[in-house]
Amino acid sequence: QVQLVESGGGLVQAGGSLRLSCAASASSLSTYAMGWFRQAPGKEREFVAAITRSTYHTYYPDSVKGRFTISRDNRQNTVYLQMDSLKPEDTAVYYCAARRDYNEGHYYTTSSDYNVWGQGTQVTVSS
């Protein structure tokens with residue numbers, strides 16, 4: 001079972017940028033579809049970005065489209081989330097998620113689609 005470790009969170013002013021990383025223990029990350037989610041205090045976990053396992057197709061909700069970019073480096077077993085033009089409402093704990101996927105070209109947008117999660121990294125955007 002792959003294990004995930006997020007890093008790169010922190011405090012940033014509105015309009016700033018952060019790059020989150022998700023390091024995976026598996027040597028076969030290319031067999032996993034990956035996603036990022038976030039959860040703010042008192043709110044449900046929210047989908048942020050998804051990427052297919054090897055075709056690198058991506059998908060975003062409207063709330064982050066054009067500001068966030070998910071990418072992956074399967075040789076380095078790492079997935080990234082570049083976050084630009086950050087807003088105070090982006091403040092949350094960000095989680096990386098993985099799903100072993102035998103379907104080329106699929107991405108997944110709900111938390112129940114994933115069965116492996118990282119511990120999360122805090123992102124705080126000040127106004």
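Side chains are part of it too, since the values below use all heavy atoms of this structure and drop only hydrogens, waters and symmetry mates. One-based numbering along the sequence shown.
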Minimal non-hydrogen separation, [X] against [Y], with atom names:
X   : Y   : answer
N74 : S54 : ND2-CA, 4.4 Å
G8  : L18 : O-CD2, 3.8 Å
A49 : L81 : CB-CD1, 4.0 Å
M34 : C22 : CE-SG, 4.3 Å

Joint cluster assignment, V2 & Y114, ILVMFWY side-chain distance < 4.5 Å:
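Different hydrophobic clusters.
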Is it possible for you to say whether F37 and L20 belong to one hydrophobic cluster, with membership spreading through side-chain heavy-atom contacts below 4.5 Å?
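No, separate clusters.
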Tell me whether [X] contacts the main-chain N or O of [Y] through its side chain, where contact means a donor paired with an acceptor under 3.5 Å.
X   : Y    : value
Y60 : I70  : yes
Q39 : A92  : no
R38 : V123 : no
E6  : G120 : yes
T91 : V125 : yes
T69 : Q82  : no

Looking at [atom1] of [X] and [atom2] of [Y], how far apart are the two atoms once the value is rounded to the nearest 0.5 Å?
X    : Y   : atom1 : atom2 : answer
R99  : R53 : CZ    : CZ    : 12.0 Å
R72  : T52 : CZ    : OG1   : 7.0 Å
Y32  : N77 : OH    : CG    : 10.5 Å
F47  : W36 : CZ    : CH2   : 13.0 Å
T124 : D90 : OG1   : CG    : 11.0 Å
L29  : T78 : CG    : OG1   : 7.5 Å

Any side-chain heavy-atom pair of S63 and E46 under 4.5 Å:
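They are in side-chain contact.
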Are side-chain heavy atoms of V64 and M83 found at a separation under 4.5 Å?
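V64 does not reach M83 side chain to side chain.
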Which pairs, with at least one residue in residues 67-108 and sequence neighbours excluded, count as a ring pair (Phe, Tyr, Trp, His ring centres under 6.0 Å)?
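Passing the test, one end in residues 67-108: Y59-Y107.
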For Q3, I'd like to know if atom CD has over 12 heavy atoms of other residues, nucleotides or ligands within 6.0 Å.
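No - once you tally the heavy atoms of other residues, nucleotides and ligands closer than 6.0 Å, there are 12 at most.
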